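Each chain gets a letter, A, B and so on, in the order its sequence line appears, and its residues count up from 1. Any value given below was found using the heavy atoms of this structure, including those in side chains, with hydrogens, waters and symmetry copies removed. In this text, all values refer to a predicted model and were calculated from it rather than measured experimentally.
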Amino acid sequence: MEGGSGHTSVPPSSSFDKSRVLDVKPLRSLVPLMPTSTQAPPFVCSPPFGPFPPGFTPFYPFCNLQGSQSSAEPHKQANPTRATNQDGGFPFSHPTQTPVGPIPAPIRSFRAPQPATAVPPHFSGASNGDTGSSIDTSREVGTPLPTQSVNAGGSVGLAMKEDGFIKSQKRAAPHLRGSNSSQKKMKKSQDVTFSLSVDGGKGSVGNSLMGVNSVHRDDGNREVVDYVLISFDALRRRLSQLEDSKESPAGIIRRADLKAGNISMSKGFRTNMRKRIGVVPGVEIGDIFFFRMEMCLVGLHSQSMAGIDYMNVRGDLEEEPVALSIVSSGGYDDDAEDSDVLIYSGQGGTKKDKQVADQKLERGNLALERSLRRANEVRVIRGMKDAVNPAAKVYVYDGLYTIKESWMEKGKSGCNIFKYKLVRLPGQPVAFAAWKSIQKWKEGFTSRVGLILPDLTSGAESVPVSLVNDVDDEKGPAYFTYFPTLKYSKSFKLTQPSFGCNCHNACLPGDLNCSCIQKNGGDFPYTANRILVSRKPLIHECGPTCPCFPNCKNRVSQTGLKVHLEVFRTKDRGWGLRSWDPIRAGTFICEYAGEVIDKVKQGGDEGENDEYIFDTTRVYDNSLKWNYEPGLLDEERYADSDEDFKVPSPLIISAKNVGNVARFMNHSCSPNVFWQPVLYEHNNESFLHIAFYAIKHIPPMTEFTYDYGIAQSEKFEAQSSDTLNRKKKCLCGSSKCRGYFG
DNA sequence: GATACTTCAATGCG
DNA sequence: CCGCATTGAAGTAT
């Protein structure tokens with residue numbers, strides 16, 4: 001994480017050539033006018049076509065745009081990275097049948113492709129008998145973890161892929177269990193029903209073909225940690241969704257986080273179970289968490305509530321406890337003002353948040369005391385209120401500290417409290433310190449180093465977007481017109497009008513009379529905090545024809561930016577996009593704004609034409625598995641499980657002349673953002689929009705990236721030198737980097 | 001290995 | 001927007 005200090009920065013404003021800066025400013029922006037009706041959400045520009053609700057005045061902000069645009073000087077400054085395309089790992093390799101046009105009302109209108117066709121033949125055979133029906137419970141119970149097999153390399157595995165864990169795997173027939181020979185090629189979990197009930201109890205650990213292998217359960221790595229966290233959150237979102245709609249299978253789920261954590265724990269979706277001092281493999285300084293359970297699952301801090309985690313080790317004479325990690329999040333009166341020093345309070349003596357008794361030198365307190373003498377490293381997690389969602393907390397892993405002093409003092413209530421002074425080991429990447437800087441930028445106490453413009457949208461978005469360069473002399477991206485949404489400037493096909501829902505005020509999860517919810521297969525696509533639950537071929541949001549208010553929870557992607565973003569200069573990839581705020585997995589980030597075009601021009605100006613193009617017909621990696629694993633719940637509905645789908649109708653967007661922040665998002669072969677087609681209206685798929693959501697939690701100041709995919713033509717063409725020239729060398733740096741993109 | 005105990009949660013309500 | 005009560009699960013200790 002870059003902290004904003006210690007980096008090369010642009011000269012102070014005094015030495016700045018302001019005229020040049022102003023020159024940049026022409027990032028002209030258009031603020032869309034608001035329809036007069038309250039029925040339309042803010043910042044949504046309806047295409048100039050009906051139907052419109054009564055009182056809705058179509059607005060054409062782009063009438064004279066052509067002129068102004070052409071005057072825009074095309075001094076395009078190639079952004080090497082910002083190349084074309086997009087997408088986030090979506091799968092469209094198989095032609096998928098997706099219903100088009102008028103959507104029949106049945107719940108689950110967009111079904112995933114039929115499993116039968118997708119399952120490799122040899123596998124269909126293996127799973128024979130499991131397909132489409134529940135596995136009988138008798139097989140479940142008492143089925144131990146698959147026999148561990150030691151392969152040539154000596155690694156121990158449970159029927160899994162070479163990379164050590166299974167993304168999602170179809171359950172093998174019983175006679176194949178324990179053998180990994182026939183399972184290598186399996187890609188997706190299909191329609192196998194795992195008859196595990198949510199509260200089936202800790203006994204039913206039966207199916208462990210999913211999850212994390214036994215080696216990684218003890219010692220993880222980055223990939224496994226990501227996998228565990230993504231799986232957990234997918235499950236948590238689904239439980240939350242069920243809870244919101246009051247249709248939770250096992251009664252009320254008050255705490256989706258605990259329930260999801262419990263299921264993950266009992267099914268082996270966890271890693272780094274072996275307790276350890278110091279570094280936890282796969283967990284990096286700066287990583288963020290939104291639930292205590294997440295830190296348990298990855299072995300960073302294994303106490304679900306307690307602030308001090310410790311383990312017994314052999315001491316000089318006998319076993320003694322040593323502290324492993326602590327969470328400082330305001331539960332006690334800590335001093336967390338300094339970002340390198342933490343005065344941490346001991347535990348105990350409290351009742352309902354109040355100090356009612358002297359603390360004793362036992363448990364965590366004793367461990368901290370021993371760790372002071374032993375001078376061992378202690379992991380520190382800092383928790384604080386989430387600015388975006390003040391009811392919730394965010395936790396940041398702030399790296400290793402050592403305990404320098406301890407003492408006892410009288411607390412405000414007069415009781416004795418232990419205090420421990422922890423000092424951060426030098427040389428670690430900044431984490432909490434960066435949060436403090438950001439807080440100061442927001443409060444206006446200090447200004448962002450390298451800030452070129454406080455808001456490059458000139459007010460077109462409801463939150464400012466900073467333009468920053470603290471690495472070189474570039475004063476800004478090439479001229480373009482900022483516009484917050486999609487422009488359908490040409491014709492589009494309206495097959496037939498359809499009508500919005502009849503919900504007044506807001507659509508409510510679980511209301512199956514709401515036609516918008518029906519179109520989403522009966523599920524409300526978002527949780528109460530505007531988090532996307534699952535990827536789907538299409539998300540149906542309420543549109544202008546719906547009478548519900550703009551704050552209806554089914555209008556997430558159309559209500560604009562919510563987090564404070566910045567467009568920043570990268571070291572070697574042109575401009576990029578990142579956030580000042582921490583982002584939860586499933587958070588809507590932005591849509592891909594621009595002008596809808598017919599096709600990408602080939603040849604000619606080359607290069608120029610495919611800069612800033614988003615094209616759904618490109619070929620995308622289909623390996624992203626983001627949705628919850630249905631086998632973990634006792635569900636009969638599986639619409640969300642398959643993520644191998646195709647965009648209902650092709651959409652090509654050019655953001656070269658007109659666009660929003662999305663045009664700055666760079667490519668990565670290991671992205672943290674995916675794209676998802678969203679339909680705002682009930683008319684026609686030509687009204688598609690492309691929305692970006694976070695794949696995983698993204699710490700502040702971490703660049704957003706998605707997978708640009710590969711131009712379709714190149715998939716079939718011979719790799720002529722011409723073709724290769726059009727590709728761009730990928731600088732994402734991921735271990736899974738394909739080497740090029742575009 | 002059952003069970004009690006402790007604990008810097010997370011939510012929802014008023 | 002807050003304080004409060006309620007519900008909770010992992011790990012540790014017994």
*When you get a sec, tell me which of C/dA5, C/dA10, B/dT7 is the closest nucleotide to the side chain of A/Met305?*
B/dT7
*Return the 5'-most residue of the pair A/Asp334, A/Ala392 with respect to DNA chain B, ranking by each residue's nearest nucleotide.*
A/Asp334
*asked:* Of the options C/dT7, C/dA10, B/dA10, whose atoms approach the side-chain atoms of A/Arg292 most closely?
replied: B/dA10
*Give a yes or no on whether the backbone of A/Glu223 and the side-chain of A/Asn221 come within a donor-acceptor separation of less than 3.5 Å.*
yes
*For DNA chain B, produce a single dot-bracket line, 5' to 3'. Pairs: Watson-Crick or G-U wobble, both distances under 3.5 Å. Symbols: ( ) within strand, [ ] crossing, | other strand, . unpaired.*
.||||||.||||||
*Nearest-angstrom distance from the residue atom CD of A/Glu294 to C1' of C/dA9*: 16 Å
_The side chain of A/Gln347 is closest to which nucleotide in this list: C/dA9, B/dC8, B/dA9?_
B/dC8
*Tell me which nucleotide among C/dA10, B/dC8, C/dT12 gets nearest to the side chain of A/Lys275.*
C/dT12
_pair A/Cys546-A/Arg555: side-chain heavy atoms closer than 4.5 Å_ = yes
*Which part of the nucleic acid, if any, lies within reach of A/Ser345 when heavy atoms closer than 4.0 Å are counted: base, sugar-phosphate only, or nothing?*
base
*Determine: side-chain N/O of A/Asn312 to OP1/OP2 of C/dA13, distance under 4.0 Å, yes or no.*
yes
_Sugar-phosphate, base or nothing in reach of A/Gly364, heavy atoms under 4.0 Å_ = nothing
_base_contact_polar (B/dA9 base, A/Arg255 side chain, donor-acceptor, <3.5 Å)_ = yes
*B/dA9 phosphate, OP1 or OP2, under 4.0 Å from A/Lys393 side-chain N/O*: yes
_5′-ward residue of the pair A/Gly261/A/Pro321 relative to DNA chain C_ = A/Gly261
*Looking for any heavy atom pair under 4.0 Å, which part of the strands does A/Arg270 touch: base, sugar-phosphate only, or nothing?*
sugar-phosphate
*Side chain of A/Val327: nearest nucleotide among B/dT7, B/dA9, C/dG11?*
B/dA9
*Ignoring hydrogens and geometry, is there a side-chain-to-backbone donor-acceptor pair from A/Glu320 to A/Asn312 under 3.5 Å?*
no
_Cationic tip of A/Arg584 above A/Phe290 ring, under 6.0 Å, 45° of axis_ = yes
*Residue whose nearest DNA chain B nucleotide is more 5′ - A/Tyr344 or A/Arg236*: A/Tyr344
*Whole-Å gap separating P (B/dC8) and CE (A/Met295)*: 13 Å
_Protein-nucleotide distance (A/Gln355, atom CD; B/dT6, atom P), rounded to Å_ = 15 Å
*Does a side-chain N or O from A/Tyr332 land closer than 4.0 Å to OP1 or OP2 of B/dT7, or not?*
no
*Select from A/Pro390 and A/Met311 the residue whose nearest nucleotide in DNA chain C is closer to the 5' end of that strand.*
A/Pro390
_Quick check with a 6.0 Å cut-off and a 45 degree axis cone: is A/Arg379 positioned over the face of A/Tyr397's six-membered ring?_
no
_Polar side-chain atom of A/Asp335 near backbone of A/Glu337 as donor-acceptor pair, under 3.5 Å_ = yes
*Are any of the side-chain heavy atoms of A/Leu532 and A/Phe588 separated by less than 4.5 Å?*
no
_Distance, rounded to the nearest Å, where A/Leu258 contributes CG and B/dG12 contributes P_ = 12 Å
*Could you state the CG-P distance from A/Leu239 to C/dA9, rounded to the nearest angstrom?*
12 Å
*Can you tell which of C/dG11, B/dT7, B/dA9 lies closest to the side chain of A/Ser302?*
C/dG11
*So, is A/Tyr310 close to the C/dA13 phosphate, meaning a side-chain N or O under 4.0 Å from OP1 or OP2?*
yes
*For atom CZ of A/Arg254 and atom P of B/dT11, their distance in whole Å*: 13 Å
*asked:* Donor-acceptor pair, distance only, cut-off 3.5 Å: does the side chain of A/Asp358 make one with the backbone of A/Asn416?
replied: yes
*The side chain of A/Ser329 lies closest to which of these nucleotides: C/dT12, C/dA9, B/dC8?*
B/dC8
*Does any donor atom in the side chain of A/Glu541 or A/Ser557 lie under 3.5 Å from an acceptor atom in the other side chain?*
yes
*asked:* So for A/Asp353 and B/dC8, does any side-chain atom that can act as donor or acceptor lie under 3.5 Å from a complementary atom in the base?
replied: no
_A/Arg363 CZ - B/dC5 C1' separation (whole Å)_ = 6 Å
*How many Å lie between NZ on A/Lys352 and P on B/dT6, as a whole number?*
15 Å
